[in-house]
Amino acid sequence: MKDLKQYREWFQACVKCGACRATCPVFKVENQEGGVARGKIALAQAMMDGQLFAEDRLIHDLSQCLLCGSCTHLCPNQVPTPDIVAAARMEVALKKGLSGFGRGVAALVTHKKAMDWMSKSGDLASRLLCRQIPETSGLRLRFPLPGIPKARTLPKPSFTPFLKRDTRQTPSRSASPKVLFFTGCGINYLYPEIGECLVRILNFMGIHVTLTDEQVCCGLPALSAGAGEAVETLAKRNLKTLKIHAFDCVLTACASCHDALAGIYPSLGAEYQPFSEKTRDIIDFLMNMDLAGRLSSIPRSEARVKVTYHDPCHLRNHELTQAPRQLLSALPQVDYVEMADAATCCGLGGTFSVHHYETSQKIGNQKANHVAQSGAKIVATACPGCMIQLQDSLNRKNYPTRVTHLLELVCQALLYDQLSAKGPSNRTAL
């Protein structure tokens, strides 16, 4: 992975114009110069020049970054601040060592069996220790655990991860593409229903999905924590797994996983390039397979629900913003509405929401207000991490809006189509 010296030219490209102040989610709620992109660029350059060591204040300011890329999006010179901040965090880790939390993240994500065990034990423990929010849902839990604020709500871990489940599939059509599903940790351990929806949708389209339990975490949580060695270890394991299978494309249903495979892995070596080029976001893939055209033939539901959409930063940075909206607009049971600032960061930022939960929630509260102002009953997105943050933010504001992955709504539409085929009386069943 790149070190700070390889970004030398970008330090000069930052002209300290301040455009990043207008778009940085952290600066908007904290109003501290160290939390904005140009401040971090100056700190990183001072580190590279040997003017600063890993002082506590520097570490704090570097941690005050979501790595969301909002600054780069509006920067006149397109300075890649998230990449520079990640490199600076790795530099701190090399000089001072990883923090206790960073070591924990690196150790966990590089040990698949430990993650499997934690998911299973987390499911069991949550039934004894955690309260359901709301009581009738069984989906959200308030965790009274060390290091996690009592007010925070999190999804219940899955006793059986998605990749451990017996997923039955239909044979593929002869002309259909060969696809491999890279699940990511969020879907595998927290939202296995998203993976099941993906398989159902692709089977409906005549596509068989290759699933492999040998895949491991994409490495983005480790990158956020500054654990560069862990990122490289995970990337090598995933590359080895991918080489075993023949496929036309690697599908992701997690924006962060897509960013890791398509954006970060190519920087690790030329051997990753062919696989990165074949990485596709599932929504973009479905639109190119004309799923929207198929959905348009389904009769519109008489009982439609108002849905809005939140852009995950890691899809927005790859300019994958139109396909989700087009797909939502084609769903027969949905009335799509755009919300204000749909493309702004929700405030999760991987390890950021652990170190800076209050700041994370200030950002999340702004997003929750935009959701509520849209009048939507459901907010859809395409990232499990964003789902966690959005639902937590909505719960804290006592807004009744439900968060879902876009694939779940597509599955509902296909079910509605089946009900419609049985007769008009079934069409309002959803």
Does [Y] offer a backbone N or O that forms a donor-acceptor pair with the side chain of [X] under 3.5 Å?
X      : Y      : answer
Glu319 : Arg316 : no
His73  : Gly69  : no
Gln333 : Arg304 : no
Lys362 : Lys28  : no
Ser119 : Met115 : no

Looking at [Y] and [X], is there a salt bridge between them, counting it only when a charged N and a carboxylate O are closer than 4.0 Å?
X      : Y      : result
Arg396 : Asp392 : no
Glu33  : Arg21  : yes
Glu214 : Lys240 : no
Lys164 : Asp213 : yes
Asp311 : Arg325 : yes

At what distance, to the nearest 0.5 angstrom, does [atom1] of [X] lie from [atom2] of [Y]?
X      : Y      : atom1 : atom2 : result
Ile194 : Asn188 : CD1   : CG    : 11.5 Å
Cys68  : Ile363 : SG    : CD1   : 8.0 Å
Thr110 : Arg237 : OG1   : CZ    : 6.0 Å
Cys249 : Phe181 : SG    : CZ    : 12.0 Å
Asp284 : Leu327 : CG    : CG    : 11.0 Å
Leu220 : Leu261 : CG    : CG    : 10.5 Å

Exercise for the section: Please assess Thr308 against Thr401 for the test side chain to side chain contact (heavy atoms under 4.5 Å, CB included), listing each intermediate value before the final yes or no. Expected result: CA-CA 10 Å; Thr308 192; Thr401 314; over 6 Å; no
Heavy-atom side-chain contact between [X] and [Y] under 4.5 Å:
X      : Y      : answer
Ile207 : Phe285 : yes
Trp10  : Asp83  : no
Asn369 : Tyr399 : yes
His355 : Ser360 : no
Glu196 : Thr167 : no
Leu251 : Val209 : no
Gln326 : Pro324 : no
Gln215 : Leu163 : yes

Handout entry: Partners meeting ring-ring contact (aromatic ring centres under 6.0 Å, His included) with Phe275 (sequence neighbours left out)
Key =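 Checked Phe275 against ring-ring contact (aromatic ring centres under 6.0 Å, His included); zero matches.
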Exercise for the section: Establish, yes or no, whether a centroid distance under 6.0 Å links the rings of Tyr191 and His405. Expected result: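 Not under 6.0 Å, so no.
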Practice task
Indicate, with yes or no, if the rings of His60 and His356 have centres closer together than 6.0 Å.
Solution key: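 Ring centres of His356 and His60 closer than 6.0 Å.
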Is the closest side-chain donor-acceptor distance between [X] and [Y] under 3.5 Å?
X      : Y      : value
Asp259 : His318 : yes
Gln391 : Asn395 : yes
Ser353 : Gln389 : no

What are the two closest heavy atoms between [X] and [Y], and how far apart are they?
X      : Y      : result
Leu108 : Met118 : CD1-SD, 3.4 Å
Pro384 : Gly186 : CB-CA, 4.1 Å
Met289 : Pro177 : CE-CD, 4.1 Å
Cys386 : Leu348 : N-CD2, 4.3 Å
Cys218 : Tyr265 : O-OH, 2.7 Å
Gly349 : Ser224 : O-OG, 3.6 Å

Problem - Within 6.0 angstrom of Lys2 NZ, more than 12 heavy atoms from elsewhere - result: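 Open: at most 12 neighbouring heavy atoms sit under 6.0 Å from NZ of Lys2.
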Practice task
Return yes when atom NZ of Lys178 has more than 12 non-hydrogen atoms of other residues, nucleotides or ligands closer than 6.0 Å, and no otherwise.
Solution key: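 Incorrect, the count does not exceed 12.
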Exercise for the section: Evaluate the salt bridge (charged side-chain N to carboxylate O under 4.0 Å, His left out) criterion for residues Asp335 and Lys377: first the C-alpha distance (whole Å), next the side-chain angles of each, then the deciding distance (0.1 Å), finally the verdict. Expected result: CA-CA 10 Å; Asp335 277 333; Lys377 299 297 182 183; over 6 Å; no
Exercise for the section: Run the numbers on Asp290 and Arg294 for salt bridge (charged side-chain N to carboxylate O under 4.0 Å, His left out), then give the verdict. Expected result: CA-CA 7 Å; Asp290 195 33; Arg294 299 191 186 197; 6.0 Å; no
Practice task
Could you go through the side chain to side chain contact (heavy atoms under 4.5 Å, CB included) check for Leu202 and Ile282 one step at a time?
Solution key: CA-CA 10 Å; Leu202 291 177; Ile282 180 61; 4.3 Å; yes
Handout entry: Audit row: Ser374, Glu338, side chain to side chain contact (heavy atoms under 4.5 Å, CB included) steps and yes/no
Key = CA-CA 7 Å; Ser374 75; Glu338 185 77 10; over 6 Å; no
Practice task
In sequence, state the C-alpha distance, the side-chain angles, and the governing distance for Tyr336 and Lys306, and then conclude on side chain to side chain contact (heavy atoms under 4.5 Å, CB included).
Solution key: CA-CA 6 Å; Tyr336 174 69; Lys306 189 175 289 187; over 6 Å; no
